[in-house]
Amino acid sequence: MFMFAVFCDFKCHSADNMYYKVLANRVRYFKEEGGVQNMCKILEDMRNEVARETAKRVARETAITTTIENFREIDMDENEIEERVMNKFNLSREKTKEYMLGKSA
């Protein structure tokens, strides 16, 4: 009976027709009492956080690749570039090598 009632509640278009009051109250909140605005705000905050993190990651990767390019332009030894980039950006040797080979992103 429980599963059937819950299934029926999920098919209801109105919270007033739902069997379980706790579920009905939450549906009412999200559909009728401002829950939509709260969910929109939460989703917008999440989207903005992802955008900030992505921008930081891209800026860091750009700085790393630009540093490698600049060192190469002044004909710095590849081993010296590797050491300097590794230290400057706190990277592992493997990750530094990936950047130097152009395989990291």
Side-chain angles (χ1 to χ4, degrees):
M1 176 66 177
F2 171 78
M3 291 306 292
F4 180 73
V6 171
F7 178 74
C8 290
D9 279 354
F10 282 119
K11 293 182 77 175
C12 288
H13 294 284
S14 170
D16 295 332
N17 299 330
M18 298 178 94
Y19 178 77
Y20 286 100
K21 295 304 170 202
V22 172
L23 184 57
N25 289 337
R26 294 308 290 162
V27 167
R28 187 173 291 106
Y29 170 74
F30 284 111
K31 287 192 170 188
E32 301 167 12
E33 299 172 1
V36 171
Q37 287 83 4
N38 281 343
M39 287 303 294
C40 288
K41 174 74 170 107
I42 290 168
L43 290 173
E44 183 180 350
D45 290 347
M46 288 171 56
R47 184 199 64 198
N48 290 340
E49 178 64 24
V50 167
R52 278 191 298 276
E53 292 299 318
T54 300
K56 285 173 27 179
R57 180 182 49 80
V58 168
R60 178 176 164 79
E61 290 173 355
T62 300
I64 293 168
T65 56
T66 300
T67 300
I68 292 169
E69 290 169 7
N70 290 341
F71 285 153
R72 284 180 172 156
E73 283 180 9
I74 61 170
D75 293 325
M76 187 180 286
D77 179 70
E78 290 292 305
N79 291 328
E80 180 69 18
I81 295 173
E82 183 178 317
E83 290 298 320
R84 287 187 182 214
V85 169
M86 211 168 65
N87 292 329
K88 180 177 176 80
F89 295 100
N90 196 27
L91 296 171
S92 68
R93 189 167 303 279
E94 294 77 26
K95 194 68 175 171
T96 304
K97 287 180 181 183
E98 287 178 19
Y99 276 107
M100 292 182 68
L101 293 172
K103 295 181 181 178
S104 189

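Small disclaimer: the values here were computed from a predicted structure and weren't measured. Every heavy atom of this structure was used, including side-chain atoms; hydrogens, water molecules and symmetry mates were not.
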Student: Considering residues at least two apart in sequence or located in another chain, which fulfil the side-chain contact (heavy atoms from CB on, under 4.5 Å) criterion with Asn48?
Tutor: Glu44, Arg52
Student: Do Val85 and Tyr99 make a side-chain contact, defined as non-hydrogen atoms from C-beta onward lying under 4.5 Å apart?
Tutor: no
Student: Is a salt bridge present between Glu61 and Lys56, judged by a nitrogen-to-oxygen distance below 4.0 Å?
Tutor: no
Student: Check whether Met76 and Ile64 end up in the same hydrophobic cluster, where Ile, Leu, Val, Met, Phe, Trp and Tyr are linked by side-chain heavy atoms less than 4.5 Å apart.
Tutor: yes
Student: Minimum heavy-atom separation for Met86 to Arg93, with atom names?
Tutor: CE-NH2, 3.3 Å
Student: One thing to verify: whether Glu53 and Arg57 come together as a salt bridge, which I'm taking to mean a side-chain N less than 4.0 angstrom from a carboxylate O.
Tutor: no
Student: Cation over ring, Arg60 on Phe89, under 6.0 Å and within 45°?
Tutor: no
Student: First locate atom CZ of Arg84, then atom CD1 of Ile68, and finally report the distance between them rounded to the nearest 0.5 Å.
Tutor: 13.5 Å
Student: Start with the C-alpha distance between Glu69 and Arg72, add both sets of side-chain angles, then the distance that settles salt bridge (Lys or Arg N to Asp or Glu O under 4.0 Å), and finish with yes or no.
Tutor: CA-CA 5 Å; Glu69 290 169 7; Arg72 284 180 172 156; over 6 Å; no
Student: With salt bridge (Lys or Arg N to Asp or Glu O under 4.0 Å) as the criterion, how do Lys97 and Glu78 come out once you've worked through the C-alpha distance, each side chain's angles and the decisive distance to 0.1 Å?
Tutor: CA-CA 10 Å; Lys97 287 180 181 183; Glu78 290 292 305; over 6 Å; no
Student: Honestly curious: do Leu43 and Val50 fall in one hydrophobic cluster under the side-chain, below-4.5 Å linking rule?
Tutor: no
Student: Check whether any side-chain heavy atom of Ile81 lies under 4.5 Å from a side-chain heavy atom of Met100, and answer yes or no.
Tutor: yes
Student: Between atom CZ of Arg47 and atom SG of Cys40, what is the distance when rounded to the nearest 0.5 Å?
Tutor: 10.5 Å
Student: Do other residues, nucleotides or ligands put more than 12 heavy atoms under 6.0 Å from Asn90 CG?
Tutor: no
